[in-house]
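Right, one structure below, let's go through it.
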4 protein chains.
Amino acid sequence: MESKQVPSSIKNRALVEKRRDQMIQGAVSLFREKGFHKTTTREIAKASGFSIGTLYEYIRTKEDVLFLVCDSIYEQVNVRMKEVVIASVPGETPLEEAVRAYFHLMDELQEEVIVLYQEVKALPKEAKSYILEKEREMVGMLEEVISHSLPDMPPGKVAVIANNIFVEGQMWGFRRWILQRSFSLEEYIDHQVNVLLYGVSEHQSFTKSKEE
Amino acid sequence: MESKQVPSSIKNRALVEKRRDQMIQGAVSLFREKGFHKTTTREIAKASGFSIGTLYEYIRTKEDVLFLVCDSIYEQVNVRMKEVVIASVPGETPLEEAVRAYFHLMDELQEEVIVLYQEVKALPKEAKSYILEKEREMVGMLEEVISHSLPDMPPGKVAVIANNIFVEGQMWGFRRWILQRSFSLEEYIDHQVNVLLYGVSEHQSFTKSKEE
Amino acid sequence: MESKQVPSSIKNRALVEKRRDQMIQGAVSLFREKGFHKTTTREIAKASGFSIGTLYEYIRTKEDVLFLVCDSIYEQVNVRMKEVVIASVPGETPLEEAVRAYFHLMDELQEEVIVLYQEVKALPKEAKSYILEKEREMVGMLEEVISHSLPDMPPGKVAVIANNIFVEGQMWGFRRWILQRSFSLEEYIDHQVNVLLYGVSEHQSFTKSKEE
Amino acid sequence: MESKQVPSSIKNRALVEKRRDQMIQGAVSLFREKGFHKTTTREIAKASGFSIGTLYEYIRTKEDVLFLVCDSIYEQVNVRMKEVVIASVPGETPLEEAVRAYFHLMDELQEEVIVLYQEVKALPKEAKSYILEKEREMVGMLEEVISHSLPDMPPGKVAVIANNIFVEGQMWGFRRWILQRSFSLEEYIDHQVNVLLYGVSEHQSFTKSKEE
DNA sequence: TATGAATGAGCGTTCATTCAT
DNA sequence: CATGAATGAACGCTCATTCAT
């Protein structure tokens, strides 16, 4: 799915897509390793399997690489999320299923998500808006799932919960240095689902603050 | 509280502390504005009120500035958190109070927290560990508050909830572009507290998944 | 008139000439607009109506294009000048007529002459000599016209005057930013002819320096 | 006379002037040799006697060097011309004296003038206007001398003659490959003065075109 | 202690040229 | 003959760091 946002001087569309895929592949792991700023264009070219000159036939700017990377990751995530959402609808416990699927997805795409998380801010303004729009879309999907399952919930709470799920999913990768030391993925998910469903209420001698 | 992590060639301890305070002050807003990588040492020197030569009398490396900044922010946050925790202990609803206080703190220190969040990864390895240790401390404080209030909760769930609170507090600033458009701080806190206490359960025709 | 100076890998003579004409056409306006150095070979190819690969079938070097352009311009100018010279011989005031015709020619070929003037220096040594030889030819024609009309004039003065005419004609285009703001072409020519014929003498209380 | 047109990051004014003088000195001969475009900033730095980093402490852009060079040359020429003009006023044959002095000046500053002539066009728009303004000034000085000496001459003719003198002076250097092969400086000047004073009229069986 | 001029490795980017198709 | 994707040397410029004063 070649991005029309970034012009290339190569005419052959299929080739552009192929080369950009190589590029994204190469760049993601570099960005993950050392961050966008410490990665040089020459390194990107090398990791992509072509020369610096060739790299610049397919982009205009180093930032274009970042955009391509971010765009591609969100594309993946969104596509996968859609599958999850659709698949979850007929289920008995659609929300829980969707959340579990989302966390699994975040586990799978850890590296990519970390890049996304850390480097979006380095994007030039317009590109950033474009990417953040996609993020909103994703949160939107989660909101839909939630309000589908729980039609009585007020929209504000829906929004906050969707945001929380979204963020906590990302944190599994982003804060792996602390989380993945203590939990397996399944344990983490179980806990998150439990918290999501009941909060703290299970363990409360029933809820002073509410009683007042 | 002069950091012993970063050596200076100046002997006068008090002076070192003073200059570093100037430096941190100047650097934070620059880092917030343009990020660590796009901020030059000259800019830092200028914003600190002294020359580039002087800057390098008090640090060895540009990364030292980042470290100093991160360290100072965490110091602030930790100190403030301790106050909160201590103050909250005798209260009737200690957890809720502590959470509310924490969110207010995160609101107040938004700028600083964003810097922290985005730039820690640029720290050299050792410095990063040092800073992340402080983060663990903070999460630890939240864990303490939780398990104090809810002694029955299993430690795994405590850890996950502490992490969630910690992260969501930061997100108030970090994802302000989406959150602060929809909610006032108080609304956001109310929602988060509600979610924390009850999760989704309030709105459920009581909990298919649990019944099974 | 295909230049033997620049070899081509294409055998078909007629084709070579055709392609080179396209090339020259395209290149002149580009050179005029942005100068030789700031014009890229890709731009030349595009303006010529074929691909970069094809361009290089007809030249060896970017400088070859410049040579071809300069050569072609001088060819045009020389051909036109010859017509002028021949036509002027039978006239009553051959010098004046020739000068007027020359200035009109320079007006017509302004763009080309500016390119010539500004870019010849970028030619590699040998090519430059070749082109400058053509310039000498042109000046030679002017000398002929002059000494034909004024057989008594010593050759040194003839040479200087020929040079002056040559240069002032070019200046009409080259210094258009100052000259064409103050004069129409005819006014300029009238003045130049007047100066050429009488110098300053018309306005002098006859010529101190000569009387001594 | 440090140019305020080009900012420097060095504070010490005297030093800026000194370094820029080195720079101009180094750059002129490089530009003369290979032209502005084929001269690299590293070469300029080297020829100036300092590192590339230092070079860029005193300019922002390669084009700034060109501007500085052009500006300095015109400054020299203008200053020297003013001396000439002033000195010539009380003389008996002020115009001739001024012209002779101007040609001598152009001979002396040959290299510089060639650079000026060939590279002004490479200047960015605003800088070009600034420089061309100085050129107009110079032509203006010549106009003054002429109309002072010959008050009856119509201003149009004055302007054309001033332009001619200005250009022919420059051509002594610019077209040296043809002129300096045939003439010594004094011969060239003598011829030019003669042409200026009498044009072609000395050698004419008195002036068909005028008689009509 | 404080200064700021000097340094040069290294960056992002361009573009003339080649050559397989 | 024509194409255009690929190449990489070379460019202009930046900026963290040093060190003489």
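In what follows, every chain begins at residue 1, and chains take the letters A, B, ... in the order their sequences are listed. All values below were derived from every heavy atom in this structure, side-chain atoms included, with hydrogens, water molecules and symmetry-related copies excluded.
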Base E/dT13 paired with A/Arg42 side chain (donor-acceptor, <3.5 Å):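 Pair found.
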Interatomic spacing from CG in A/Leu55 to NZ in A/Lys46 - rounded to 0.5 Å: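 Between A/Leu55 CG and A/Lys46 NZ, I get 14.0 Å after rounding to 0.5 Å.
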Interatomic distance, C/Arg32 atom CZ to C/Glu112 atom CD [nearest 0.5 angstrom]: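 C/Arg32 atom CZ to C/Glu112 atom CD measures 10.0 Å (nearest 0.5 Å).
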Of the candidate nucleotides [options], which contains the atom at the shortest distance from the side chain of [X]?
X       : options                : value
C/Glu57 : F/dG8, F/dA2, F/dG12   : F/dA2
A/Leu15 : E/dT17, E/dA5, F/dA5   : F/dA5
C/Ile10 : E/dT3, F/dC13, F/dA2   : F/dA2
A/Lys11 : F/dA16, F/dG4, F/dT3   : F/dG4
A/Lys62 : E/dT18, F/dT17, E/dG12 : E/dG12
D/Thr40 : E/dA2, F/dG12, F/dC1   : F/dG12
A/Thr41 : E/dT7, E/dT13, E/dG10  : E/dT13

Whole angstrom value for the distance that separates P of E/dT13 from CD of A/Glu63: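 Taking atom P of E/dT13 as the reference, CD of A/Glu63 is at 8 Å.
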Electrostatic pair B/Glu63:B/Lys121 at N-O distance under 4.0 angstrom: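 B/Lys121 and B/Glu63: not salt-bridged.
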Touch class at under 4.0 angstrom, heavy-atom based, for D/Ile52 against every strand present: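 Contact class for D/Ile52: base.
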